[in-house]
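Notes for the one structure printed next.
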Amino acid sequence: MSDRDTIFALSSARGRAGICVFRVSGPRARVAAAALTGSGVPAAREATLRRFVDARGEPIDRGLVLWFPAPNSFTGEDVAEFHTHGSPAVIAALIARLGQMNGLRPAEPGEFTRRAFHNGKFDLTEAEGLGDLIAAETEQQRRQALRQMEGALRERYERWRDGLIKTLAQLEAVIDFVDEDLPRDLFDRVAAAASQLESEIELHLSDQRRGEIVRDGFSIVIVGAPNVGKSSLLNALAARDVAIVTETAGTTRDLIEVDLDLAGYAVTLVDTAGLRETSDAIESEGIRRARARAARADMRLAVIDAASLSLDPLVANTLSVGDAVLINKIDLGVSHESEVWTMNAETTLPLLYISARDGDGIDALISFLTNQVVARAGGSESAPLTQLRHRNALEATRDALKRAAVNLSHDHHAIDLAAEDLRIATRELGRITGRVDVEDLLDVIFREFCIGK
Ligand code: GDP
């Protein structure tokens, strides 16, 4: 699959629609547009009504043609866009026609954006932002993705990397030209710059995963003994039948998830197998999955039956600060004695009273959950960390900067090691934006130090 190929794809969703959009990108886009319309390409970036014809000149449909000559296009290559009517038959005819053309082939998933990246239209974080924007289901996901697509993360990471390259260049100069007259406080300055960046990265990392929660959704797992009403609660919250409510204990053997939108934040609610001691192999597997899912959730809701008012130790063990306890089946008659559930001498959890069956307390529960999500995912800085990929690279950058600071300290003065640490840090930052290139470093050295030997 060569980059020189001309690629085409239906860029709008498949199905029946008023219009749909085809995109063709590559060196033969002009020829393809001319062949499809039976005339030359229209003026650049001007919507032009044309008839689309098949290989024999028979009409397929009529619609708009847009011509974006390189490099001012989405991919940076010649791009032609065809807006046709969105029927399955028109789509099939267009795909067949484009597929017959010499030098054209269907695009791979993400190939347009990939070409845009290779042609410098996007860095990786912007491309990821575009992907997130296309996938966005809630208002907060949309806002965050749009900011990222518009370069909020790129600007920050590139600024950090540019600073680091300058710092490294200063150190490289000492290594290569020790005999020259360099400022004696250079090590201190380099060490200070490394520590400064390290603390900025640390701050950026210690955000309680707000951006990642917005992107991936805040996950809430419902835990509890069998028959306390977990599935009924999920149904009440989702206001639709997603889990089967039965009267036989231990029937929810797998995880059932529903997605909610609370105040513009995506929330995934997971119903789990009831936790209890069991010898049934299938049920044990369900319980194992339930515990694993509960452990990596953002929050757990422990459900207790009003008839027993006891929290099984198996359930209590999954809970920690930030979780909540629900007393269900209050229709059976229970007094609202306390606002908190006391786990032990140190820990109390918020306590809410509900009837999953009658719907009592469900609105209060939804407000409570909404407040929790807003508090934990909202109010984040303008360019939050949004992905584990970035987090991993930033942690590696921070660790390398830490090592560099040690290697530069007065006891060590291990300049070569420190320079290598800074190189690693630079490379890790470059991996986030996709700009890993030693040429940058050479450029800076020659520009900033004017070493013309
Ligand atoms: P799970 O095993 O924890 O998922 O519990 P289910 O949701 O399957 O419910 C178990 C039983 O409790 C069913 O018979 C439900 O109808 C009943 N139940 C659930 N919620 C309530 C409630 O709020 N009040 C009463 N009276 N019964 C409930």
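All residue numbers refer to positions in the sequence shown, counting from 1. Just follow the structure's listing: the first ligand is 1, and inside any ligand the first atom is 1.
At a cut-off of 3.5 Å, with distance as the only test, no side-chain donor of S232 or N235 sits close to an acceptor on the other residue. Using modelled atom types and a 3.5 Å distance limit, the side chains of E200 and Q196 yield a donor-acceptor pair.
Applying the salt bridge (Lys or Arg N to Asp or Glu O under 4.0 Å) test to every pair with at least one member in residues 338-365, sequence neighbours left out, gives these pairs: D331-R357.
Comparing heavy-atom distances from atom 4 (O) of ligand 1 across A306, S231, G361 singles out S231 as nearest.
Close contacts between ligand 1 and K230 involve ligand atoms 1 (P), 2 (O), 3 (O), 4 (O), 5 (O), 7 (O) [criterion: under 4.0 Å to a heavy atom]. Every atom of ligand 1 is numbered from 1 in the order shown, and the set under 4.0 Å from a heavy atom of S355 is 22 (C), 23 (O).
When only interatomic distances are considered, the shortest N/O to N/O separation between P226 and ligand 1 does not fall below 3.5 Å. On a distance-only criterion, A356 and ligand 1 share at least one N/O pair closer than 3.5 Å. The shortest N or O to N or O distance between S232 and ligand 1 is below 3.5 Å. Taking distance alone, with nitrogen or oxygen atoms compared against 3.5 Å, I330 stays at or beyond that limit from ligand 1.
Look at E111 and R114 and you find no salt bridge, because none of the NZ, NE, NH1 or NH2 atoms lies under 4.0 Å from a carboxylate O. A salt bridge links R391 to D207: at least one charged side-chain nitrogen sits closer than 4.0 Å to a carboxylate oxygen.
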Which donor-acceptor pairs under 3.5 Å do the side chains of residues 125-136 make with protein atoms, sequence neighbours left out?
{"residue": "T125", "atom": "OG1", "partner": "D123", "partner atom": "OD1", "Å": "3.0"}
{"residue": "T125", "atom": "OG1", "partner": "D123", "partner atom": "OD2", "Å": "3.0"}
{"residue": "T125", "atom": "OG1", "partner": "R154", "partner atom": "N", "Å": "3.4"}
{"residue": "E126", "atom": "OE1", "partner": "D123", "partner atom": "N", "Å": "3.0"}
{"residue": "E126", "atom": "OE2", "partner": "R154", "partner atom": "NE", "Å": "2.5"}
{"residue": "E126", "atom": "OE2", "partner": "R154", "partner atom": "NH2", "Å": "3.3"}
{"residue": "E128", "atom": "OE1", "partner": "R389", "partner atom": "NH2", "Å": "3.2"}
{"residue": "E128", "atom": "OE1", "partner": "H390", "partner atom": "NE2", "Å": "2.6"}
{"residue": "E128", "atom": "OE2", "partner": "R389", "partner atom": "NE", "Å": "2.7"}
{"residue": "E128", "atom": "OE2", "partner": "R389", "partner atom": "NH2", "Å": "3.2"}
{"residue": "D132", "atom": "OD1", "partner": "R215", "partner atom": "NE", "Å": "3.1"}
{"residue": "D132", "atom": "OD1", "partner": "R215", "partner atom": "NH2", "Å": "3.2"}
{"residue": "D132", "atom": "OD2", "partner": "R215", "partner atom": "NE", "Å": "2.8"}

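Contact annotation for N328 and ligand 1: only side-chain heavy atoms (C-beta onward) come within less than 4.0 Å of the ligand. Residue-level proximity to ligand 1 for N227 is carried by backbone and side chain together, each with a heavy atom below 4.0 angstrom.
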